[in-house]
Amino acid sequence: MADTYYDPADLRKFGKISEWSEELGSKFFDYYGKVFEEGALSAREKSLIALAVAHVVKCPYCIDAYTKDGLQRGITKEEMMESVHVGAAIESGATLVHGVQMMKKYDKLSM
Amino acid sequence: MSTKSLKARHDVLAQSNKQLEILNGGLFEEGELPFFKDKIDAIGAYPLRPKKLEILQINVGYMCNQVCEHCHVDAGPDRKEIMTRDTMELCLEVIRNTGAHTLDLTGGAPEMNPDFRWFVEQAAEAGIKDFIVRSNLTIIRANKKYYDLPQFFKKHNIHVISSMPHYTRGKTDKQRGDGVFDSSIKALQELNAVGYGMPDSDLRLDLVYNPSGAFLPGNQAALEADFKKALKQDFDIDFHNLFAITNLPIARFLDYLIASGNYEDYMYSLVEAYNPSAVASVMCTNTISVSWDGWLYDCDFNQMLGLKVASKIKHLKDYNEEVLNDRDIVISQHCYGCTAGAGSSCQGTVA
Ligand code: SF4
Ligand code: SF4
């Protein structure tokens with residue numbers, strides 16, 4: 001048994017998910033690979049989006065993977081940190097915008 | 001960053017057999033990762049054999065004005081291995097008769113060899129098509145006696161290939177030492193000033209990019225575009241091509257990988273990125289590497305690991321190109337660095 005839920009070494013075993021479902025696994029990895037190809041967005045831009053999302057979904061594997069991916073692409077740490085802030089801003093905005101709901105409910109319930 | 005070589009620090013990793021023990025043991029010995037030999041055997045490429053000799057790469061000494069953290073040569077100011085004029089004479093004999101079209105001088109900082117200029121003058125007369133000097137840039141600004149190097153290179157129509165880890169100061173200085181970025185920029189501007197690297201110029205100036213850490217280089221063309229844009233915009237610098245070179249787990253880079261706890265992950269990354277189509281074009285298939293004391297190797301990496309060519313001809317004094325070319329190339333797990341992704345050689349990607 002591992003001592004922790006997350007083991008950094010598990011990231012390199014990601015491909016193994018196909019072993020228990022070849023069809024779905026390979027469909028997923030094909031799709032994944034396609035998504036990150038150069039397209040209307042550059043692979044570099046996609047890498048920064050992935051890094052931001054990795055933080056929002058708080059996936060330690062994705063954070064490791066896209067920090068390394070960014071380094072490989074020559075993305076600077078300033079660019080990486082800004083992308084994390086974009087994710088954080090959207091995430092906190094998403095929390096705060098619910099404040100409107102709270103305000104409406106408050107007003108409705110109050111005399 | 002240390003200011004001394006592993007050798008001067010009496011670090012065990014200064015011994016090539018210790019490095020080989022690590023490269024052959026651990027993950028590979030335990031069967032977690034496949035040996036390079038088995039990997040290339042699976043595509044019928046074992047034993048690895050040379051094709052036509054194209055490049056003669058001569059290492060004129062391990063002395064360097066820098067002590068970069070990733071250096072596979074373990075070069076530095078304290079290294080005393082320097083090619084003598086006698087050995088240079090042997091080199092010239094070979095250069096005059098070789099079938100190779102490219103001569104590639106490397107080091108350390110080749111310019112620090114006291115006979116460097118004499119050697120270049122002599123070698124330039126041998127009429128080799130492409131004459132490369134690998135210059136670390138800062139040497140041009142290190143001391144007054146080197147200030148005229150751009151002119152000297154131009155006079156002998158040298159193809160200059162220079163290392164530039166990044167177009168930002170922070171990353172460059174972290175890998176190569178404080179102040180390296182500023183003096184590299186100044187050196188590039190001076191090379192540009194005499195015509196090197198300009199868009200239509202025949203004076204070739206290429207840059208080498210090594211990742212500044214435990215990760216592989218990204219797409220060479222994309223990196224080149226980023227470097228070109230940033231260096232032009234910020235410093236009005238022009239250059240021709242960028243070569244993205246993978247750091248091989250040797251000498252100081254190996255030391256760094258182990259000390260930073262990245263060794264296993266890095267080896268996994270290299271093996272994972274193994275690209276069978278890069279195997280046919282790895283550097284050792286068209287290159288011979290000569291050490292400061294005249295021994296012959298399949299490549300500069302094997303030289304640093306003390307792995308001499310597996311041939312009857314092992315030294316310049318017995319040089320015979322035909323016999324030498326009929327050999328099996330000596331390999332180990334560091335070779336995965338040459339076959340990762342788009343492949344890696346002293347001329348950048350190969351696949
Ligand atoms: S990487 Fe090049 S410049 Fe740096 S220490 Fe080694 S030989 Fe010198
Ligand atoms: S490290 Fe040397 S011998 Fe090994 S593949 Fe690369 S060039 Fe060839």
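Chain naming here is simple, since letters A, B, ... match the order of the sequence lines and numbering starts at 1 in each. Note that the structure is a prediction, hence the values are computed from the model and not measured.
Contacts of Thr76(A) with chain B are made by side-chain atoms alone, with heavy-atom separations under 4.5 Å and no backbone atom involved. For Phe227(B), no part lies under 4.5 angstrom from a heavy atom of chain A. For Leu223(B), the part sitting under 4.5 Å from any heavy atom of chain A is the side chain, from C-beta outward, and nothing else. Interface remark: Pro211(B) contributes no atoms to any contact with chain A (heavy atom separation under 4.5 Å).
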Could you go step by step and tell me if Asp265(B) and Arg12(A) meet the salt bridge (Lys or Arg N to Asp or Glu O under 4.0 Å) rule? CA-CA 9 Å; Asp265(B) 265 337; Arg12(A) 52 190 186 226; 2.4 Å; yes

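Between chain B and the options Arg44(A), Lys77(A), Glu38(A), heavy-atom pairs under 4.5 Å are most frequent for Arg44(A).
Scanning both residues, Ser269(B) and Lys68(A), for their nearest heavy atoms gives OG-NZ, 2.7 Å.
Interatomic distance, Leu216(B) CG to Asp69(A) CG, rounded to the nearest 0.5 Å: 11.0 Å. Expressed to the nearest 0.5 Å, how far CZ of Arg73(A) lies from CZ of Phe215(B) amounts to 12.5 Å.
The environment of CD1 in Ile90(A) is sparse: at most 12 heavy-atom neighbours from other residues, nucleotides or ligands sit within 6.0 Å. More than 12 non-hydrogen atoms from other residues, nucleotides or ligands lie less than 6.0 angstrom from NZ of Lys58(A).
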